[in-house]
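Numbered from 1 within each chain, the chains take letters A, B, ... in sequence-line order.
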Protein chains: 2
Amino acid sequence: MNKSFSLSLFLCNRSRQRFQNSSTLLNKRVFFSVFCCHTVKFETVTIKDIARALGLSTSTVSRALRGSYEISPETKKLVLEYAEKINYRPNPIALSLKERKSRSIGVVVSEIANTFFSQAINGIESIAYNRGYHVIISQSHESYEREKVTIQHLASRSVDGLLVSLSNETIDLSHLKQLHDKGLPMVFFDRITDEINTHKVTANNVKGAFDATQHLINKGFTRIAHITNSPNLSITKERLQGYQEALKKNNLPFDEKLVHYTLHGGMIYEEIQDEIQKMFTARQKPDAILTASDRITTSCLTALKAAGKKIPDDISVIGFTNTNIAELFNPPLSAVRQPAFDMGQAATELLISIIESKRPVTEFETRILDTELFTRESSEHFPPTT
Amino acid sequence: MNKSFSLSLFLCNRSRQRFQNSSTLLNKRVFFSVFCCHTVKFETVTIKDIARALGLSTSTVSRALRGSYEISPETKKLVLEYAEKINYRPNPIALSLKERKSRSIGVVVSEIANTFFSQAINGIESIAYNRGYHVIISQSHESYEREKVTIQHLASRSVDGLLVSLSNETIDLSHLKQLHDKGLPMVFFDRITDEINTHKVTANNVKGAFDATQHLINKGFTRIAHITNSPNLSITKERLQGYQEALKKNNLPFDEKLVHYTLHGGMIYEEIQDEIQKMFTARQKPDAILTASDRITTSCLTALKAAGKKIPDDISVIGFTNTNIAELFNPPLSAVRQPAFDMGQAATELLISIIESKRPVTEFETRILDTELFTRESSEHFPPTT
DNA sequence: AGGCTTAAAGAAAACGATTTATTCAAAAAT
DNA sequence: ATTTTTGAATAAATCGTTTTCTTTAAGCCT
């Protein structure tokens with residue numbers, strides 16, 4: 001009695017819903033629009049369907065599905081079996097609304113097509129998927145504007161946290177500060193900032209640059225140029241510091257003119273080309289170059305080749321890059337490699353720890369992971385200085 | 001004045017479109033809901049707050065925000081001004097629940113750290129973000145199991161459509177067929193299939209391989225090996241076909257032993273190394289190699305170098321790859337380049353057209369985009385055959 | 001003046017799930 | 001024999017919006 005009543009009520013609701021959908025169409029083919037209402041939809045099974053089919057209430061079904069002690073074993077079995085049979089999957093959107101979280105994290109990097117970032121993303125993904133989070137990747141393409149837009153995009157309540165590596169152009173951090181103040185969990189990696197107090201993960205750039213510079217000095221180079229990102233970035237400052245420390249330790253003078261900043265991190269080839277040009281028309285030419293990032297390194301090699309410069313005969317090169325084909329270059333490229341995968345993993349673990357923390361997190365850490373130096377032919381000295 | 005209102009309204013609508021949600025498997029959910037029920041929450045302003053503050057009903061506020069004619073100009077102004085003041089942003093999750101779509105699309109590729117795919121993703125992103133869709137990228141790492149899991153993950157009602165490039169291992173397509181039958185829009189790109197009737201985007205692999213082979217033949221090579229992906233993939237068949245057609249056209253015999261399949265697409269270095277080994281221990285050694293993908297190409301070059309083979313003196317190489325530093329290789333690498341960015345764009349446009357179609361789409365197209373051939377030193381013949 | 005239209009706003013249902021509060025027997029305790 | 005407890009299920013509120021259905025009051029006709 002009661003049962004049949006609720007059934008008919010349900011049917012009533014169903015048909016009303018269909019009607020409502022159809023009315024959004026401009027024409028009046030009501031009967032047809034039942035089948036192709038508005039945009040075509042993916043048909044899904046809900047908890048209501050199970051409840052109706054078994055003559056139970058939605059609350060009972062919900063509890064049965066999650067094994068609540070309040071439900072009798074027989075009912076549980078019934079529900080679980082039927083759910084399995086009709087391949088029921090909870091609607092994650094409804095869950096998100098209820099629980100006020102989306103189980104997704106946003107990642108903002110300058111470019112995917114960059115060996116460092118794509119490896120870091122693999123690290124991020126490896127942790128996130130295991131912990132049940134989706135990863136939404138977006139690129140700033142080294143533009144402050146695009147970074148702002150894309151972060152706004154992600155943040156409008158659709159991600160539970162953010163993994164950020166700042167763009168070359170970014171100076172003002174208010175777009176991030178605002179979100180951070182509102183309580184959106186975020187972790188910075190690689191290109192970090194002092195202005196926001198949260199977890200951070202970075203490579204030991206000071207040591208990486210120091211080691212690379214020391215290596216060049218050991219090989220006998222004395223006028224070492226440094227082509228680097230924009231001065232805004234943390235990695236720029238850290239790498240410059242390592243470079244300077246190595247010079248100082250070896251009593252070599254620091255010449256500002258040997259430091260070339262590129263505001264787009266090698267994304268604009270002409271920018272690098274110009275710097276190479278300047279380098280070779282200067283009165284005092286460098287004998288080696290330390291490049292500060294993946295893109296800068298490859299653009300620089302391309303520009304040197306275009307300018308007809310031979311490596312290492314005319315000039316030596318060592319670069320920060322995560323390519324795994326440095327060996328195949330002509331000549332094989334000496335490189336400082338960052339632990340990209342591990343950095344991505346560490347950043348994601350830290351982020352999820354904030355997201356899932358039961359109380360506001362106030363103690364933050366900055367993890368610094370070691371780089372690796374690979375010396376190959378591109379940093380040889382001709383003639384060798386034994 | 002008026003202008004600023006319509007602007008804020010516009011921003012409102014835009015942000016509303018951007019949304020993504022998570023999907024989780026039933027059993028996992030249980031664990032997490034227990035685990036993080038008191039997590040710190042991102043404070044947010046809702047339509048209710050506005051209604052309460054202004055002494056209006058939520059329906060009035062909702063209508064005012066979207067400029068309904070039913071609301072008086074004064075009320076509209078009041079609401080819009082207040083919404084602007086407290087920085088109201090519609091909750092995309094609630095919208096998704098209501099509209100039954102997430103405005104997000106899922107992308108499944110084998111690897112991000114692959115020049116072809118990262119460029120294709122740039123193309124995908126460029127269209128998707130303009131149309132107000134989030135992009136969720138996931139990787140199969142060439143594994144059938146991971147492809148299945150990740151697609152299930154994406155599909156459990158959290159994405160509006162899927163952009164798929166199949167893994168090397170995939171033979172059985174039932175995981176995709178099932179979703180397709182249920183009405184989930186999907187478009188295949190690069191590694192496509194005949195078994196599912198939908199839009200597809202691919203490079204002209206037949207012509208690409210034909211041109212590359214013809215180029216090698218023109219240079220005087222007669223025993224051309226082909227190292228390629230698993231025989232399951234469409235691209236494998238197409239490239240093999242182009243290769244065979246070129247041989248046939250030039251009256252060269254087709255030798256099956258010269259075709260080397262790799263089941264993991266170069267992801268496992270040893271696999272390539274073994275094939276190279278076989279190649280050079282065979283009775284009849286090849287004089288040139290056509291490699292069929294980015295990873296295979298680089299792994300192959302690494303293996304040749306490790307085996308002490310000089311290119312092009314000992315053997316010539318031309319490969320499918322989208323790297324933009326082919327010039328920097330030793331020697332500069334001849335390459336067939338796919339229009340990755342354009343392919344990503346085309347696939348995304350087609351997918352969104354299905355998603356937003358008012359009626360079920362039954363007519364599908366397969367777009368075939370031309371490849372480009374770049375000849376460099378790696379495919380020279382020594383001594384030259386004039 | 002009574003009936004009709006219309007403008008403007010509010011109430012309530014809906015999206016799909018969870019959860020608190022409630023009901024209703026039957027069993028246990030007084 | 002009445003009250004209390006318990007087991008098992010349901011009703012209803014909630015999450016934030018949209019949208020259909022009502023209501024209210026003012027303005028307009030005869």
Side-chain angles (χ1 to χ4, degrees), chain A residues 2-3 5-6 9-10 12-24 41 44-52 54-76 78-79 83 88-102 156-158, chain B residues 12-13 16 19 21 23-24 26 29-30 32-34 37 41 44-52 54-66 68-76 78-79 83 88-102 156-158:
Chain A
N2 213 334
K3 215 169 280 183
F5 179 71
S6 64
L9 181 66
F10 240 106
C12 189
N13 285 336
R14 294 294 286 187
S15 59
R16 187 189 304 165
Q17 170 205 329
R18 282 172 178 171
F19 192 78
Q20 157 191 341
N21 279 335
S22 70
S23 66
T24 58
K41 252 157 229 158
T44 78
V45 174
T46 76
I47 232 171
K48 278 186 193 169
D49 297 321
I50 300 178
R52 187 163 17 121
L54 302 179
L56 294 167
S57 70
T58 59
S59 10
T60 305
V61 174
S62 172
R63 270 186 272 252
L65 287 170
R66 42 194 47 246
S68 161
Y69 68 94
E70 291 177 287
I71 306 298
S72 72
E74 305 85 62
T75 311
K76 268 186 202 166
L78 194 68
V79 171
Y88 166 77
R89 290 277 173 279
N91 179 329
I93 296 179
L95 284 169
S96 286
L97 181 59
K98 188 94 232 290
E99 298 179 4
R100 298 151 107 202
K101 60 187 189 209
S102 62
S156 64
R157 200 54 204 97
S158 72
Chain B
C12 230
N13 284 334
R16 167 175 141 251
F19 163 73
N21 72 80
S23 90
T24 8
L26 182 57
R29 261 234 69 267
V30 177
F32 283 112
S33 70
V34 171
C37 42
K41 256 158 219 153
T44 120
V45 172
T46 76
I47 238 174
K48 277 187 193 166
D49 298 320
I50 301 179
R52 203 170 331 130
L54 302 179
L56 294 167
S57 71
T58 58
S59 10
T60 305
V61 174
S62 172
R63 271 185 276 249
L65 287 170
R66 40 191 47 246
S68 160
Y69 68 95
E70 290 177 286
I71 305 299
S72 72
E74 305 85 62
T75 309
K76 269 185 201 166
L78 194 69
V79 170
Y88 167 76
R89 291 277 174 279
N91 179 329
I93 295 178
L95 284 167
S96 284
L97 181 58
K98 192 97 232 292
E99 297 176 5
R100 297 153 106 203
K101 58 187 187 210
S102 65
S156 65
R157 199 56 203 94
S158 74

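The separation between B:L54 atom CG and C:dA9 atom P is 12 Å, rounded to whole Å. Across the protein-nucleic acid pair, B:I93 atom CD1 and D:dT18 atom C1' stand 17 Å apart, rounded to whole Å. Look at CD1 on B:I71: it is 13 Å from P on C:dA7, rounded to the nearest Å. Atoms CD1 (A:I47) and P (D:dT14) sit 19 Å apart, rounded to a whole Å. Rounded to whole Å, the distance from CZ on B:R66 to P on C:dA8 is 19 Å. Between the CG atom of B:L56 and the C1' atom of C:dA11 there is a distance of 14 Å, given to the nearest Å. For the pair A:Y88 OH and C:dG16 P, the computed distance is 10 Å after rounding to whole Å. Between the CG atom of B:L78 and the C1' atom of C:dA8 there is a distance of 14 Å, rounded to whole Å.
Distances from the side chain of A:A94 to the nucleotides C:dA12, D:dT10, C:dA17 place C:dA17 closest. Side chain of B:R100, nearest nucleotide from D:dC15, C:dC15, D:dT17: C:dC15. Of the candidate nucleotides D:dC15, D:dA9, D:dT18, D:dC15 has the atom nearest to the side chain of A:L97.
Residue-to-nucleotide contacts include a donor-acceptor pair under 3.5 Å from the side chain of A:K98 to the base of C:dT18.
A residue-by-residue look at B:G55 and A:E70 shows that B:G55 has its nearest nucleotide of DNA chain C further toward the 5' end.
The minimum heavy-atom distance between B:P90 and B:L95, with the atom names listed, is CB-CD1, 4.0 Å. Across A:Y88 and A:L65, no two heavy atoms sit closer than the pair CE2-CD1, 3.6 Å. A:V79 approaches A:L56 most closely through the heavy-atom pair CG2-CD1, 3.7 Å. A:K76 and A:I71 make their closest contact through CE-O, 3.5 Å (heavy atoms, listed as atom of the first residue, atom of the second, distance).
Here A:S59 lies in heavy-atom contact (under 4.0 Å) with a base. Base engagement by A:T60 is indicated by at least one non-hydrogen atom pair under 4.0 Å involving a base atom.
When the side-chain nitrogen and oxygen atoms of A:R89 are compared with OP1 and OP2 of C:dG16, none of them lie within a distance under 4.0 Å. Note on A:Y69: every side-chain N or O is 4.0 Å or more away from OP1 and OP2 of D:dT6. The side chain of A:R63 places no N or O atom within less than 4.0 Å of a non-bridging phosphate oxygen (OP1 or OP2) of C:dT19. Side-chain N/O atoms of B:S62 include one lying less than 4.0 angstrom from OP1 or OP2 on D:dT18. For C:dA9, the OP1/OP2 oxygens have a side-chain nitrogen or oxygen of B:S72 closer than 4.0 Å. The side chain of A:K48 places an N or O atom within less than 4.0 Å of a non-bridging phosphate oxygen (OP1 or OP2) of C:dC15. Between A:S57 and D:dT10 there is a side-chain N or O to OP1 or OP2 distance below 4.0 Å.
Side-chain contact between B:T60 and B:T75 is present, with at least one heavy-atom pair separated by less than 4.5 Å. Side-chain contact check for B:N91 versus B:T46: every heavy-atom pair is 4.5 Å or farther apart.
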